[in-house]
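One structure is given below, encoded as structure tokens.
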Amino acid sequence: METTARHLRIRGIVQGVGFRPYVYRLARTCELGGWVRNAGDAVEIHVEGDAPRVAVFLTRVGADAPPAAAIAGIDIDRAEPDGVAAFRISESVGAADHAATTHISPDLPVCANCLAEMRDPAHRLHGYPYINCTDCGPRYSIVRGAPYDRSQTTMADWRMCATCQTEYDDPSSRRFHAQPVACPACGPAYAFVPVNARPSVREAMHAGNVVSSAVTALCGGAILAIKGIGGYHLVCDAEDAATVARLRAGKQRPAKPFAVMVADMDVARSLAHVDAHAAALLASSARPIVLLPASRVLEGVAPGLDSLGVLLPYTPLHHLLFDRGGPRALVMTSGNRSSEPIAFTDIDAYLRLVGIADALVTGQRAIARRLDDSVVRPRRSAVMPLRRARGQAPQAVARLASDRPILALGGDLKGAVTLVHGGEAVTSQHLGDLDHPDAQAAFHAAIDDLLALHRLERRNVAVVADQHPQYRSRAGAETGGFARVIGVQHHRAHIASVLAERDELERPVIGIACDGTGYGDDGTIWGCEIFAGSVARGFERVGHLRTASLVGGDAAALFPAQAAAGFVSDPADLARVAAAVFALPGRFRQARRAIDSGTRVFHTTSAGRLFDAVAALCGFVTPVDYEGHAAIWLEQLANGSRLTDGYEMPVAHGVIDYRPMIGAVIGDRLAGRSSADIARAFHLGLAHALAITALQAARRSSTDSIVASGGVFQNALLVDSLEAELSGTGCVLWTNETVPANDGGLSLGQAALGVAEMRRRDA
């Protein structure tokens with residue numbers, strides 16, 4: 001039979017996931033000759049043999065790829081046969097002449113095969129908390145450079161023993177070229193380190209085994225700082241209310257909910273409502289925290305909320321804790337104090353977590369970069385990303401064709417950066433709020449990471465930043481030595497992020513951007529904006545919320561009563577809110593005096609502050625403990641009502657007037673209407689007003705596509721209500737499903753608008 005040959009170049013997440021041994025086995029099965037190798041940014045394959053067998057190989061190579069692989073594209077070219085009968089795995093080569101994006105796999109949860117070996121008393125890896133293979137284990141969290149080889153990871157200091165080396169070199173082994181491969185004889189270990197004299201910890205010191213010591217401590221009411229994939233977690237028994245309260249006091253976190261790691265899906269179902277969609281998210285390769293309706297109250301875990309953040313174990317150590325008798329539900333919260341980034345180095349953990357934790361479970365393998373747990377919220381058959389980090393970063397999030405690399409720097413809250421290179425947009429992990437020095441360091445490290453992994457120099461990269469002149473992220477653009485700086489308005493970037501996800505850069509849409517604050521074209525604080533246009537041609541502001549007064553600027557976000565002072569402006573309403581039922585604190589009156597005198601008063605169209613104002617009028621009169629606290633409280637309150645009619649919020653010339661709604665809220669509260677009904681009527685009224693404004697703009701622009709983004713659209717009730725309002729109108733609603741609607745997705749939208757701006761400038 002005639003011999004034919006093909007050369008393949010496969011792009012995507014195809015390194016460090018067992019792709020080359022998979023190709024080797026497939027080629028051997030098809031009785032073909034040739035080779036496979038890593039080529040910096042891709043996997044290259046030369047295959048030759050009988051034409052029908054080559055055809056089978058070409059059909060299966062993409063379809064049957066390893067589960068951890070994510071193929072972005074396959075280029076197939078005809079080649080001349082080399083006359084080789086056998087198939088081999090060749091040495092990796094560089095890719096200096098290739099412009100495509102370098103892909104590093106996200107960190108992967110421990111696989112079923114490794115778990116079985118870890119639980120087998122007869123296996124050499126029995127009980128080893130660093131067990132891994134090509135189908136699982138750390139990736140992005142240990143990488144220090146490209147290509148992804150052991151010497152470029154935090155495992156470089158451990159030399160494999162003869163047995164591990166044999167498995168590493170064997171193409172038929174599950175551990176063939178698994179870069180973190182190790183065993184108890186040659187690999188890193190964990191240590192149990194008590195930091196005070198609590199009895200449960202003192203007893204555990206003598207247990208000898210790290211896992212046994214940790215289990216004894218947890219069952220005895222201890223708080224542990226446990227080193228994970230991307231940082232330290234503070235961990236305790238979620239069903240021990242006294243210990244949870246002690247953890248809250250130590251973290252200085254009075255109300256923000258804690259996530260709970262459960263032993264298995266059965267435990268998850270005993271604590272929360274888990275449908276098939278939620279179960280799939282829990283068990284997905286990202287192993288995110290999934291926000292679910294709680295079916296049982298765990299005292300102190302999620303104060304005042306009817307939802308629970310649940311996640312399944314994803315490291316070998318997690319499984320060992322449950323296997324060896326640890327509590328079936330563990331608080332698993334970031335190792336930090338309130339507002340600080342998660343601790344990820346051992347020194348940082350000792351310095352910051354001693355005083356909160358009773359002991360540390362620390363591992364020798366270093367973490368290359370800080371990675372929080374990802375957080376998602378199920379929404380019908382879709383997903384609402386809230387935080388994109390471990391298990392998701394650094395996957396490509398969109399296709400953006402650009403002739404030159406572009407780096408987008410996001411905002412100052414929920415920082416994340418996006419690099420466009422080789423036609424793909426890669427978004428970093430969640431970096432934290434840039435008002436904290438550690439988050440600023442993580443921000444600059446993420447920039448260096450992305451540029452280094454893609455072999456780019458700053459002088460050849462254009463940078464996109466928010467147009468706010470005082471953003472720390474923008475300062476990084478101005479002083480970073482980049483080729484060009486492009487400013488993008490905050491809310492336009494939110495809308496563009498949705499369209500970039502969907503590869504709809506040319507489509508004319510009506511965009512609704514609702515969040516807390518963003519710097520507007522006129523220098524005021526925007527936050528509820530309607531736009532018409534497209535990413536390719538730009539967005540024109542065609543509507544907004546009526547302007548309100550805001551005392552103290554961003555500081556008002558901490559005090560709902562302070563925000564309320566700027567939205568309650570009618571003299572009659574001001575007289576009525578003095579009634580005892582509202583119990584508004586002195587800060588409300590102080591803010592009103594500031595408004596009357598014009599002292600530090602700003603103009604705003606912020607939907608976020610409108611939510612705060614209504615929450616204050618419904619009874620949320622204390623300072624917030626975390627971003628969005630009052631709005632989350634208000635949404636939960638509204639979910640307790642079955643009301644179907646919303647408050648009136650008239651729309652004229654694209655301006656949504658909130659004043660009649662504020663008056664109605666005050667009147668209903670005085671009349672004794674339930675706060676739940678008031679909260680729901682507000683949500684329904686706002687959704688109706690947004691829909692009317694968008695539909696009017698859609699008719700003028702002859703489009704049927706409406707896009708909603710911004711942190712306010714993490715509110716499922718608002719999104720569902722807006723979708724219901726648009727049902728039957730012929731218009732569709734698109735929201736974020738890949739990057740968060742909050743500022744964690746901002747950099748993707750900036751990148752898309754930056755690409756469009758570069759094209760216009762170069763035209």
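Note that the structure is predicted; figures quoted are calculated from it, not measured. Along the sequence shown, residues are numbered consecutively beginning with 1.
Phe713 places none of its side-chain heavy atoms less than 4.5 Å from the side chain of Thr735. Looking at heavy atoms from C-beta onward, Leu690 lies in side-chain contact with Cys528 at the 4.5 angstrom threshold. In this structure, the side chains of Val331 and Leu234 stay at 4.5 Å or more apart for every pair of heavy atoms. Proximity of Pro623 to Phe559: side-chain heavy atoms (C-beta onward) are separated by under 4.5 Å at one or more points. Between Val262 and Phe322 the shortest side-chain heavy-atom distance does not fall below 4.5 Å. Two residues are said to be in side-chain contact when any heavy atoms from C-beta on lie closer than 4.5 Å; Tyr647 and Ile678 meet this criterion. In this structure, Ser674 and Ser641 have side chains that are not in contact, with every pair of non-hydrogen atoms separated by 4.5 Å or more. Two residues are said to be in side-chain contact when any heavy atoms from C-beta on lie closer than 4.5 Å; Leu330 and Leu218 meet this criterion.
Nearest heavy atoms, Lys414 versus His430: CA-CE1, 3.8 Å. Closest of all the heavy-atom pairs between Ala189 and Gln364 is N-OE1, 2.8 Å. Shown here for Ala268 and Leu282, the closest heavy-atom pair between the two residues is CB-CD1, 4.5 Å. Scanning all heavy atoms of the two residues, the minimum distance from Ala279 to Arg269 falls at CB-NH2, 4.2 Å. Among all heavy-atom pairs drawn from Leu748 and Ser497, the shortest one is CD2-O, 3.7 Å. Between Pro138 and Asp107 the shortest heavy-atom distance is CA-OD1, 3.3 Å.
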Legend entry - Worked check of side chain to side chain donor-acceptor pair (under 3.5 Å) between Ser709 and Asn736: CA-CA 7 Å; Ser709 188; Asn736 291 98; 2.7 Å; yes

Legend entry - Worked check of side-chain contact (heavy atoms from CB on, under 4.5 Å) between Asn715 and Phe611: CA-CA 11 Å; Asn715 183 315; Phe611 270 83; 3.6 Å; yes

Legend entry - Evaluation steps, salt bridge (Lys or Arg N to Asp or Glu O under 4.0 Å), between Arg609 and Asp612: CA-CA 5 Å; Arg609 300 296 78 79; Asp612 289 347; 2.8 Å; yes

Inset, instruction - For Ile229 and Arg365, run side-chain contact (heavy atoms from CB on, under 4.5 Å): C-alpha distance rounded to whole Å, both residues' side-chain angles, the deciding distance at 0.1 Å, then the answer. - result: CA-CA 10 Å; Ile229 290 290; Arg365 186 180 66 204; 4.1 Å; yes

Inset, instruction - Walk me through it: do Phe192 and Asn209 pass the test side-chain contact (heavy atoms from CB on, under 4.5 Å)? - result: CA-CA 8 Å; Phe192 183 87; Asn209 180 273; over 6 Å; no

Legend entry - Working for ring-ring contact (aromatic ring centres under 6.0 Å, His included), residues Tyr190 and Tyr130: CA-CA 9 Å; Tyr190 274 89; Tyr130 283 113; 4.8 Å; yes

Legend entry - Candidate pair Arg388 and Glu501, rule salt bridge (Lys or Arg N to Asp or Glu O under 4.0 Å), full reasoning: CA-CA 14 Å; Arg388 188 175 177 279; Glu501 285 183 8; over 6 Å; no

Inset, instruction - For the pair His126 and Asp120, evaluate side-chain contact (heavy atoms from CB on, under 4.5 Å) and give the outcome as yes or no after the intermediate values. - result: CA-CA 6 Å; His126 174 243; Asp120 180 0; 5.5 Å; no

Legend entry - Test salt bridge (Lys or Arg N to Asp or Glu O under 4.0 Å) applied to Glu239 and Arg328, step by step: CA-CA 9 Å; Glu239 298 180 281; Arg328 66 181 195 141; 3.3 Å; yes

Legend entry - Test log, rule salt bridge (Lys or Arg N to Asp or Glu O under 4.0 Å), inputs Asp373 and Arg387: CA-CA 8 Å; Asp373 292 317; Arg387 184 170 70 197; 5.4 Å; no

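Distance CZ/Arg139 to CG/Asn132: 6.5 Å, rounded to 0.5 Å. Between the CG atom in Asp515 and the CG atom in Asp743 there is a gap of 6.5 Å [rounded to 0.5 Å]. The structure places CD1 of Ile367 at 8.5 Å from OG1 of Thr345, a figure rounded to the nearest 0.5 Å. Remark: Leu718 CG to Phe682 CZ distance equals 8.0 Å, nearest 0.5 Å. Separating the NE2 atom in His273 from the CZ atom in Arg296 is a distance of 13.0 Å, to the nearest 0.5 Å. Rounding to the nearest 0.5 Å places CG of Leu686 at 8.5 Å from CG of Leu722.
Between Tyr314 and His233, the angle of the ring planes goes over 60°, which puts this pair in the perpendicular group of the 30/60° scheme.
Without hydrogens or angle criteria, Thr243 side chain to Gly221 main chain gives a donor-acceptor distance under 3.5 Å. Side chain of Ser747 to main chain of Ala416: a donor-acceptor pair is present (N/O by atom type, distance under 3.5 Å, no hydrogens or angles). With hydrogens and angles disregarded, no donor-acceptor distance shorter than 3.5 Å links the side chain of His123 to the backbone of Met118. Remark: the backbone N or O of Ile223 is paired with a side-chain donor or acceptor of Asp358 at under 3.5 angstrom. In this structure, Asp625 contributes its side chain and Ala255 its backbone to a donor-acceptor pair below 3.5 Å. The backbone N or O of Leu434 lies less than 3.5 Å from a partner atom in the side chain of Gln440, making a donor-acceptor pair. In this structure a side-chain-to-backbone donor-acceptor pair under 3.5 Å is missing from Asp433 to Asp435. Checking side-chain atoms of Arg390 against main-chain N and O of Ala286 turns up a donor-acceptor pair under 3.5 Å. A distance-only check finds a donor-acceptor pair linking the side chain of Arg248 to the backbone of Val301 [under 3.5 Å]. For Asp264 (side chain) and Val267 (main-chain N/O), a donor-acceptor pair under 3.5 Å exists by modelled atom type.
A donor-acceptor contact under 3.5 angstrom links the side chains of Thr333 and Arg253, judged on distance only.
The salt bridge (Lys or Arg N to Asp or Glu O under 4.0 Å) analysis of residues 216-229, with sequence neighbours excluded, yields the pairs Lys227-Asp346. Applying the ring-ring contact (aromatic ring centres under 6.0 Å, His included) test to pairs two or more places apart or on separate chains, those with a residue in residues 612-637 are Phe620-His629, Phe620-Trp633, Tyr626-His629.
Stacking of Arg669 on the aromatic ring of Phe582 is recorded, both the 6.0 Å distance cut-off and the 45° axial limit being met.
When the options Arg352, Lys251, Gln252 are evaluated for a side chain to side chain donor-acceptor pair (under 3.5 Å) with Glu340, the one that passes is Arg352.
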